[in-house]
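Following: one structure in structure tokens, then a few remarks.
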Protein chains: 2
Amino acid sequence: MVATIKDVAQQAGVSIATVSRALNTPDRVSLAAQSAVQAAIAALGFRPNLIGRQLRADKTGLIGVMLPTLSNPVFAECLQGIEQAALAANYRVLLMTTHYRADREQHALETLLNQRVDGMILTVAHAAQHAWLDRLEDLSVPYMLVYNQCDARPCVSVDNRAAAAQGVTELLLRGHRHIAMISGQLQASDRAQQRYQGYCDAMRAAGLVPGEPLEIDFESADLPPELVGRLTGPDRPTAVFCGNDRLAILVMRRLLARGLRIPQDVAILGFDGLEIGELLAPALATVSQPNADIGARAMERLHGWLDSGQRLASLVLPHGIRRGGSIHA
Amino acid sequence: MVATIKDVAQQAGVSIATVSRALNTPDRVSLAAQSAVQAAIAALGFRPNLIGRQLRADKTGLIGVMLPTLSNPVFAECLQGIEQAALAANYRVLLMTTHYRADREQHALETLLNQRVDGMILTVAHAAQHAWLDRLEDLSVPYMLVYNQCDARPCVSVDNRAAAAQGVTELLLRGHRHIAMISGQLQASDRAQQRYQGYCDAMRAAGLVPGEPLEIDFESADLPPELVGRLTGPDRPTAVFCGNDRLAILVMRRLLARGLRIPQDVAILGFDGLEIGELLAPALATVSQPNADIGARAMERLHGWLDSGQRLASLVLPHGIRRGGSIHA
DNA sequence: CTGAAAGCGCTAACAG
DNA sequence: CTGTTAGCGCTTTCAG
């Protein structure tokens, strides 16, 4: 059906080796052969089968990307950055999402490994203790973590703990003393834990007792009533720090619907820096991360690693504080 | 380094054929051999090289997905749906984005073809006349278009023209007579053209003269001043229909910043049904599409095609009208 | 139930 | 500069 290098060789009246050379090292082929091959390629509509090439070369030019979800624009933006950089480095992207589930992480990693991707860009639940990451190291498969932050692994992230502390300090500076933190399940995300640490740091530095984190499912579409009760009841906090912008948006919606005024009755601070937050009313204040950059830089570093064989260190990118109507009038 | 089927065979004291069978058709292998092979696999940490399998089978289990951008959540949500359905059907996703550029469309299609994906899910600029799509048909590579809507091709989409007309009719019902349409470049998107047609249909049905479309780059981060001038000047429209939600959000922001009240001074209607629009103030009214479903259904149909060899017809999914504060108080 | 051998499409020695 | 050949890892006849 579809033409192979053999057909081209026959059509052009040369050997398959010459065709291969004409394709890969044109300078080592006579002009006559070169043009005969080109003509044959055009006539047959030949396109090189990358599978054959990959098997032979033991390299695929594929980068495996594993992210929790694309419904959170944080990861979509990051993936956009990865894809951009991958294109520049002439790699292709194989995508898998895990929805914060360990079984899907495992399945994805296994699949990517079997597909013999040249390298991986991953966000995992817990970078520090992760049997599969250890396995990647054993196999010396180059990989970069994004969003995860962990001394022992190559990561591209912001300094989650410091960033969270700085964000909470903004709330403290505005006079808040009763500040709650809402987070996705700590057990499903080391970043969530680090951000909680940062919250604790800032509270303690101000001589306050940090509250327990109020956990909620990362992918839930709304707040559980119990949580809404705590945020609107008599003992409610005057400010809420949310572990990510998606949660912050859910909280804002629910509290506004309950008739609370933001920021007068309660201030809201997010984490991520989603663009869309700026368009909300009030505009969402947030600790911002350079999401597309995180992806792009991770891909660039992975490319360097793949090129040089040299494992690269982690990269901490600067975070920002975006002030907005949700924390001050 | 990494174990192959040969190593497993040696370790287990059987032939490579038996190993292969133990992997693929365990029932055709004796229990003794089976367990010897399993032991060897575990001992060596063997994982089957899919590249070898793919070359042999002339099937990759890969689905090529080509979308304009992931910065627009419409496509991220769609991709999420695709990925979900691909997982269920045991396919993997190879992702490329085009940023509405013809050269990148071409490059992506070429790459996917060379990588021998089993099928493709695509959004192209213009489905009707598209040389590469014709090429796919010639090669009988199964593909499904998403968002594009075109009689001659297999598409999963809403009825763009009817949906747009229905949306504009909502504005007409509220007494608007001077309704402008803002759109991404018509030349880069057949959907944009169809939606403009729908706008024209509704206007004419009301005895009004449709305006020329006001074009703006799909990926621009803000409105050009010239356009802002037209929307705020003395002859400004009382309602604006935007070809997608992202544009609508930009327009809302700009006009609010200029001191216009929405919807009293100007009503805004979007197209896409992004969730986030509900959280804006005022909430964005929009013509909604089932984005994740569009992706998932496209993948399911592609799977059917791949399974049966039977090309499947297009699927038109229902759209919705989401009323919101941006068109009525 | 098992093994030997061919071959998927391609590249890279190795000879000439 | 060019052709012959081996072989990447795997599945699948075809014999036994």
Side-chain angles (χ1 to χ4, degrees), chain A residues 1-41 44-62 110-118 139, chain B residues 1-38 40-41 44-62 110-118 139 141:
Chain A
M1 321 255 190
V2 48
T4 77
I5 204 176
K6 235 183 220 163
D7 304 315
V8 175
Q10 184 161 27
Q11 171 91 6
V14 299
S15 74
I16 61 169
T18 297
V19 176
S20 177
R21 278 189 286 257
L23 250 37
N24 302 302
T25 50
D27 38 316
R28 282 186 213 160
V29 159
S30 71
L31 276 121
Q34 182 64 244
S35 58
V37 168
Q38 291 306 342
I41 286 176
L44 297 172
F46 166 80
R47 25 196 68 267
N49 184 329
L50 291 187
I51 302 294
R53 191 174 290 187
Q54 287 163 4
L55 180 60
R56 171 67 219 230
D58 196 29
K59 278 197 308 181
T60 56
L62 295 174
E110 210 163 318
T111 304
L112 295 176
L113 233 30
N114 290 359
Q115 182 64 60
R116 298 304 195 261
V117 298
D118 290 342
L139 298 170
Chain B
M1 322 273 237
V2 48
T4 77
I5 204 175
K6 236 183 220 165
D7 304 315
V8 175
Q10 186 161 27
Q11 171 92 8
V14 299
S15 73
I16 62 170
T18 297
V19 176
S20 177
R21 278 190 285 256
L23 252 36
N24 302 301
T25 51
D27 39 316
R28 281 184 214 160
V29 160
S30 69
L31 276 121
Q34 181 64 243
S35 57
V37 167
Q38 291 306 343
I41 286 177
L44 298 172
F46 167 80
R47 24 196 68 266
N49 184 330
L50 291 186
I51 303 292
R53 189 175 290 186
Q54 287 162 4
L55 180 60
R56 172 65 220 233
D58 197 27
K59 278 197 307 180
T60 56
L62 294 175
E110 211 162 317
T111 304
L112 295 176
L113 234 31
N114 291 359
Q115 181 66 58
R116 298 304 196 262
V117 296
D118 290 341
L139 298 170
V141 173

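The analysis underlying the following values was restricted to heavy atoms, covering all of them including side chains, and did not include hydrogens, waters or symmetry mates. A note on names: the letters A, B, ... follow the listed sequences, proteins ahead of strands, and every chain is numbered from 1.
With sequence neighbours left out, the side-chain hydrogen bond (donor to acceptor under 3.5 Å, both in side chains) criterion links Q34(B) to Q38(B).
Rounded to the nearest 0.5 Å, atoms OG1 (T18(A)) and CG (L23(A)) are 11.5 Å apart.
The environment of N24(A) atom CG is dense: over 12 non-hydrogen atoms of other residues, nucleotides or ligands sit within 6.0 angstrom.
Residue I51(A) is out of contact with every strand shown, counting any heavy-atom pair closer than 4.0 Å. Here N49(A) lies in heavy-atom contact (under 4.0 Å) with sugar-phosphate atoms only.
Listed for the S20(B) side chain is no donor-acceptor partner under 3.5 Å among the backbone atoms of I16(B). D7(B) places a side-chain N or O within donor-acceptor distance of the main-chain N or O of T4(B), the cut-off being under 3.5 Å.
Computed from coordinates, the D58(A) CG to dA12(C) P distance equals 12 Å when rounded to whole Å. Distance I5(B) CD1 to dC8(D) C1': 13 Å, rounded to the nearest Å. Straight-line distance from the CG atom of L113(A) to the C1' atom of dG9(D): 16 Å, rounded to whole Å. Between N114(A) atom CG and dC10(D) atom P the separation is 10 Å, expressed in whole Å. Taking atom CG of L55(A) as the reference point, atom C1' of dC8(C) lies 9 Å away to the nearest angstrom. Computed from coordinates, the Q115(B) CD to dG9(C) C1' distance equals 13 Å when rounded to whole Å. Taking atom CD of Q54(A) as the reference point, atom P of dA12(C) lies 14 Å away to the nearest angstrom.
Under 4.0 angstrom from either OP1 or OP2 of dC8(C) there lies no side-chain N or O belonging to K59(B). In this structure, K6(B) does not reach the dC10(D) phosphate: none of its side-chain N or O atoms is under 4.0 Å from OP1 or OP2.
Between P48(B) and I5(B) the shortest side-chain heavy-atom distance does not fall below 4.5 Å. For the pair V29(A)/V14(A), no side-chain contact is recorded, criterion being any heavy-atom separation below 4.5 Å from C-beta on.
Summary of the strand contacts: P48(A) and D27(B) both lie near DNA chain C, and taking for each the nucleotide with the nearest heavy atom, the more 5' one is attributed to D27(B).
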What pairs of nitrogen or oxygen atoms, one from the protein and one from nucleotides 2-6 of chain D, lie under 3.5 Å apart?
| from | atom 1 | to | atom 2 | distance (Å) |
| --- | --- | --- | --- | --- |
| dT2(D) | OP1 | S30(A) | OG | 2.5 |
| dT2(D) | OP2 | S30(A) | N | 2.9 |
| dT2(D) | OP2 | S30(A) | OG | 3.4 |
| dG3(D) | OP2 | S15(A) | N | 2.9 |
| dG3(D) | OP2 | S15(A) | OG | 3.1 |
| dG3(D) | OP2 | T18(A) | OG1 | 2.7 |
| dG3(D) | N7 | R21(A) | NH2 | 2.8 |
| dG3(D) | O6 | R21(A) | NH1 | 3.1 |

